[in-house]
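Take a look at the structure set out below.
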Amino acid sequence: MFCNSKNGEKSPSIAEKSLLLRFIFTTMEISSKYSPQEVEGKWYEHWMDKNYFHSTPDEREPYTIVIPPPNVTGVLHMGHMMNNTIQDILIRRARMQGKNACWVPGTDHASIATEAKVVNKLAQQGIKKTDIGREEFLKHAWDWTHEHGGIILKQLRRLGCSCDWERTSFTMDDIRSKSVIRAFVDLYNKGLIYRGVRMVNWDPKALTALSDEEVIFKDEHSKLFYLRYYLHEDDGTGATGAEGEIIHTDEKGRRYAVVATTRPETIMGDTAMCINPADPKNQWLRGKKVVVPLVNRVIPVIEDDYVDIEFGTGCLKVTPAHDVNDYMLGEKHNLQSINIFNDDATLSEAAGMYIGMSREDCRKQIIIDMKEAGLLEKIEDYNNKVGYSERTNVPIEPKLSMQWFLKMEHLADIALKPVLNGDIKFYPAKYVNLYRHWLENIKDWCISRQLWWGHQIPAYYLPEGGFVVAETPEEALKLAIEKTGNKNLTLKDLRQDDDALDTWFSSWLWPLSLFNGILDPDNAEFKYYYPTNDLITAPDIIFFWVARMIMAGEEYQNEVPFKNVYFTGIVRDKLGRKMSKSLGNSPDPIELIDKFGADGVRMGMMLSAPAGNDILFDEALCEQGRNFCNKIWNALRLVKGWNVDENAVQPEAAKMAVKWFEARFNQVLAETNDNIDKYRLSDALMGIYKLTWDDFCSWYLEMVKAPQGQGVDPATYAATIQFFEHLMLMLHPFMPFITEEIWHAIAERKDGDDIIVAQQPKIQAVDKEALEQYAFLQEFVNNTRGQRSKLNLPNNESIELEIEDTESSWWEKIICVANKLCNIKVNFAKKREKSSICFMVVTKTIGIVNNHIDIEAEIKKLEEDLKYQQGFLKSVEGKLSNEKFVNGAPAAVVEKERKKKADAEERIASIMQQLNELKK
RNA sequence: GGGAGCUUAGCUCAGUUGGUUCAGAGCAUCGCCCUUACAAGGCGGGGGCCGUUGGUUCGAGUCCAACAGUUCCCACCA
């Protein structure tokens, strides 16, 4: 429907369309409601046509953001909305500051999540991934990716995101894949990557190992089971122990120890019982053997001070294959390790019983059987923490297996420095502590995953054992021949490792690999854009991603990957609950945009999003954003409705208004810039909001409005248009669509004169005197309106004031403006005569002539005020007569106290005078 | 178990190195207005022992300590 600038054939250009729009404005009534649906798509298309989002290196200062890549098959949620709104604000602002802004979008292959989805889909068709093999499976995975991928990037366009779409990348595209492989080979050659058998976190649903970061510990109400372990070869005569020993005997006199465990289903893997050698209760067990209940395996009692004497009975069952600590004990005491679980956590042949049963069922059954066999002493309630897989939400099973690891000591070391010395700044700064603590206690990173969807580990196994690591099979073959001396080896003899790499092993290179900085670190783009400027992300991936990107940046470039990290909060619902599908409290962002407009939603997000704080999202905030759009829209309707009278002379009131607003604008502009520089975006937006709504609409426009039926003078009109433009410039990064629309509606624009590429207004010196005058006027008008309200005076009836005139020219200016705002009639007099009651503006006393006033009430109020002022004066005088204060406090503070004293005295005098007059 | 943060109006939050008439903002609420840009609006108003208790100081929302409540992170006690 809209013109494409690449076509020679031109339908109306956007400039022509705006002309049309201006024509419509001036000739016919338009809706008082702003309609984002008619505006947003049009401008996004225009920006794309003009290629404004695309960046190439030039002589300007670069400003770069790389997107935290969302899952390729994901859909937009509120977290993305907030995160990307912030990025777009920063990018648009940088563009308007004359920087070469480049925001690189892309997606992440999300190894586990995507593979799980594809496995599920195949399962519905009755297909197992192992049946079809790796190659066939990957075909399905790519199909899935192409079918469902990239939706989220399209949704970002609705939000207005000005990403450089030509740079859209994917963690599994060619350059990114090759970068990952090269990094792996490089780190392996540096000796930082090794392969070994270790206890890892096993996800029995996804059937893969996980890193420590992918395990989430949850509080669980579970049970502590107390089981009998009979003494081996006990004659049944029982025994009395030494002082302090606790020896259990059954009805036949046989002795047994009691073990407390939360996981009775692992007894088939027990290969020892462990006591603390210093435990007086259990001395009688030293050197003995016990029998595992039900299983009837004889196991030794070992001694280790790892065991907590106070916990349970002080006896610990040791299952080296299924518990991290037991594994350590097993290593230390040279115990046998019996793996009783299959990969999917069902009981294996090795368990000898309950074969094929799930862990959960086995636990239930084993307790029943124990009870029957009289081997269960008791069951207690117990709260403990159980590790769950972040992805599949099933309990992790510790498992001994062969995996690839990345050594962390060196990388942690180089990643710590830039954050501690401030080369990278965190907002909020509190995350620095967290970061340091993690890096200082880091363990090696398990980077292999038993998955197919991802980057396959470039290790190639040789027929005679051993392996080589290389970027390509061909290179691997060369290495293999070198290594073995066997020149007859062919590619077919090499078998590549089946495992894929952890997804984060590709995302940690993101800021480098996006500009091809791993494969070709000398390329011009990389040199121009790297390091990037700001990273906007959530604190829950500070270890997964942020820390590791810093490691990679330092390792490969000896330079930080970004200079600032802005941590957003978690988006919650208005009750403070996390948004989740099951609670149904997560609004669909696209529906929100349909309802409130992208600008409205963006404002709603930003109004309550201070860095690092969780935000409690409420649709009402979007409503506020939408209302703000309407307000701006109506200001446009007003201004566009004005007729310019070329012969009109600028009235004094308008002259003042222009001067005042200009001063106010410059003040807020400076504050806003400062707020944004400190990443206080919600404060910045609120400042612009109030400047626009209050100062511009409620005060300025009311002050300069020409009387009904008259035209506006050219000077005032020009100033108003310029103010309006400046406001839109400030607001554009936050609300891009409506500001572009207004930009084109208020003035004729040449081709390419679009707000998105316009420059931010420059800060001018603030006219402090004008600001003071403006503040006085506001107080004067507010108080007058307050009096009117109290008097119940209708708006169309003048409120008559009496002012003791001491500086008539100054007052005249104030009055002529105030007149436009609050319908007053002013009498100047040397001394007030007609008025019986007064109100005060700063230190000036204004009399009210309209005399249908409750004198008694007025007296009472004045007396209360007098009391307050006297009390205040007393406290100020107290301070000033305190030598320690006068000598100790800074001179400026003392001076201010003196001013307070003088003001208070003036007010008190005025109040007393009024009281005297009223009481006459 | 260890560590960090938070507690200010009905709600969400500002409050910068202790010193403005310091107790603030937005929203919500209440009253009056369909005043010719805007009722998704205008004008006006109410509302808070700044979590509690001590301490430092001439002076504390701001600094210190303890306590209470709350949130998050880390950790191998079965």
Side-chain angles (χ1 to χ4, degrees), chain A residues 32-34 199 217 224 259-263 266 274 306-308 310-313 315-319 323-328 382 384-385 387 398 428 430-431 433-434 437-438 441 539-540 542-543 570 574 576 596 600 607-608 610 612-616 618 620-621 623-624 626-642 678 680 682-683 686-687 689-690 697-698 701-702 705 708-709 782 785-790 792 794-796 821-823 842 868-869 872 875-876 878-879 882-890 892-897 899-900 903-904 907:
Chain A
S32 65
K33 304 277 185 285
Y34 168 68
M199 201 63 153
F217 285 91
L224 199 53
V259 169
T261 180
T262 52
R263 299 204 62 191
T266 62
C274 191
Y306 162 76
V307 176
D308 181 353
E310 302 305 320
F311 187 90
T313 59
C315 296
L316 171 74
K317 72 194 256 323
V318 184
T319 320
D323 184 280
V324 186
N325 304 302
D326 293 12
Y327 174 71
M328 277 155 36
Y382 185 66
N384 66 340
K385 294 211 170 187
K430 65 178 177 182
Y431 288 110
N433 278 337
L434 192 65
H437 184 262
W438 186 72
N441 295 280
D540 54 345
I542 183 169
F543 309 137
I570 296 167
K574 62 178 167 184
F596 300 106
L607 273 178
S608 67
N613 280 14
D614 284 358
I615 89 152
L616 278 71
D618 188 346
L621 292 167
E623 216 169 294
Q624 196 182 344
R626 179 200 58 190
N627 293 352
F628 186 40
C629 288
N630 265 329
K631 187 70 186 178
I632 297 169
W633 187 248
N634 280 293
L636 174 73
R637 288 176 72 217
L638 173 70
V639 175
K640 291 311 293 179
W642 285 350
K678 290 174 179 156
R680 301 175 59 137
S682 25
D683 289 345
M686 183 49 72
Y689 174 78
K690 287 195 280 191
C697 293
S698 296
L701 288 178
E702 295 298 334
K705 255 185 195 171
Q708 190 69 22
N782 285 341
R785 283 170 171 171
Q787 295 297 331
R788 170 187 295 282
S789 183
K790 264 179 230 154
N792 255 328
N795 288 330
N796 56 11
L821 298 162
C822 53
N823 190 10
V842 192
Y868 172 81
Q869 295 293 347
F872 176 72
S875 86
V876 175
K879 269 191 205 175
N882 181 337
E883 263 180 52
K884 282 183 180 171
F885 172 74
V886 178
N887 297 331
V893 174
V894 177
E895 194 44 51
K896 272 172 187 168
E897 290 300 320
K899 172 89 165 55
K900 279 194 217 169
D903 285 359
R907 289 173 149 265

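Just so we're clear, the structure is a prediction, and the values are computed from it rather than from any experiment. Per chain, numbering begins at 1; letters A, B, ... match sequence-line order.
Rounded to the nearest Å, the gap between the P atom of B:G44 and that of B:G61 is 31 Å. Nucleotides B:C63 and B:G1 place their C1' atoms 30 Å apart, quoted to the nearest Å. As rounded to the nearest Å, B:A37 and B:G26 have P atoms that lie 25 Å from one another. Rounded to the nearest Å, the gap between the P atom of B:A4 and that of B:A65 is 11 Å. As rounded to the nearest Å, B:C50 and B:U8 have P atoms that lie 11 Å from one another.
When the nucleotides B:C13, B:A78, B:A37 are ranked by their closest atom to the side chain of A:Leu616, B:C13 comes out on top. Comparing atom distances between the A:Lys385 side chain and each of B:C74, B:A37, B:U35 picks out B:C74 as nearest. With distances taken from any side-chain atom of A:Ala635 to the nucleotides B:A78, B:A37, B:C13, the minimum falls on B:A37. Across B:A25, B:A78, B:C38, the shortest atom-to-atom separation from the side chain of A:Lys631 is found for B:C38. Here B:C77 is the nucleotide among B:C77, B:C74, B:A37 with the atom lying nearest to any side-chain atom of A:Asp308. Side-chain atoms of A:Ser698 lie closest to B:C43 of the nucleotides B:C27, B:A37, B:C43. The side chain of A:Leu638 sits closest to B:A37 out of B:G26, B:C58, B:A37. Relative to the side chain of A:Ser789, the nucleotides B:G44, B:C77, B:G5 differ in distance, and B:G44 lies closest. The side chain of A:Phe543 approaches B:C73 more closely than any other nucleotide in the set B:A75, B:C73, B:A25. Nearest nucleotide to the A:Gln624 side chain, out of B:A37, B:G26, B:A78: B:G26.
Between A:Asn627 and A:Ala620, the residue anchored closer to the 5' end of RNA chain B is A:Ala620, taking for each the nucleotide with the nearest heavy atom. When each of A:Val324 and A:Asp903 is assigned the nucleotide of RNA chain B with its nearest heavy atom, A:Asp903 is the one assigned upstream, toward the 5' end.
Contact annotation: A:Lys879 does not reach the phosphate of B:G19 (side-chain N/O to OP1 or OP2, under 4.0 Å). For the OP1/OP2 pair of B:G3 and a distance below 4.0 Å, the side-chain nitrogens and oxygens of A:Tyr431 include no atom meeting the criterion. Under 4.0 angstrom from either OP1 or OP2 of B:G44 there lies at least one side-chain N or O belonging to A:Asn782. Put simply, A:Arg680 has no side-chain N or O that comes within less than 4.0 Å of OP1 or OP2 on B:A25. Taking only side-chain nitrogens and oxygens, A:Asn433 never comes nearer than 4.0 Å to OP1 or OP2 of B:G3.
A salt bridge links A:Asp903 with A:Lys899; the closest basic N to acidic carboxylate O contact falls under 4.0 Å.
A donor N or O paired with an acceptor N or O is found under 3.5 Å between the base of B:A37 and the side-chain atoms of A:Glu702. Applying the 3.5 Å distance criterion, the base of B:A40 shares a donor-acceptor pair with the side chain of A:Asn630.
Across all strands shown, A:Leu434 has heavy atoms under 4.0 Å from sugar-phosphate atoms exclusively, and none from any base. Using a 4.0 Å heavy-atom criterion, one finds that A:Phe596 contacts no nucleic acid atom at all. Counting any heavy atom pair closer than 4.0 Å across all strands shown, A:Tyr306 reaches a base atom. A:Lys690 comes within 4.0 angstrom of sugar-phosphate atoms only, judged by non-hydrogen atoms across all strands, and of no base.
Classification of the A:Phe311-A:Tyr382 ring pair by plane angle, with boundaries at 30° and 60°, yields perpendicular.
Within the shown strands, nothing qualifies as a pairing partner of B:U35 under the Watson-Crick or G-U definition with both distances less than 3.5 Å.
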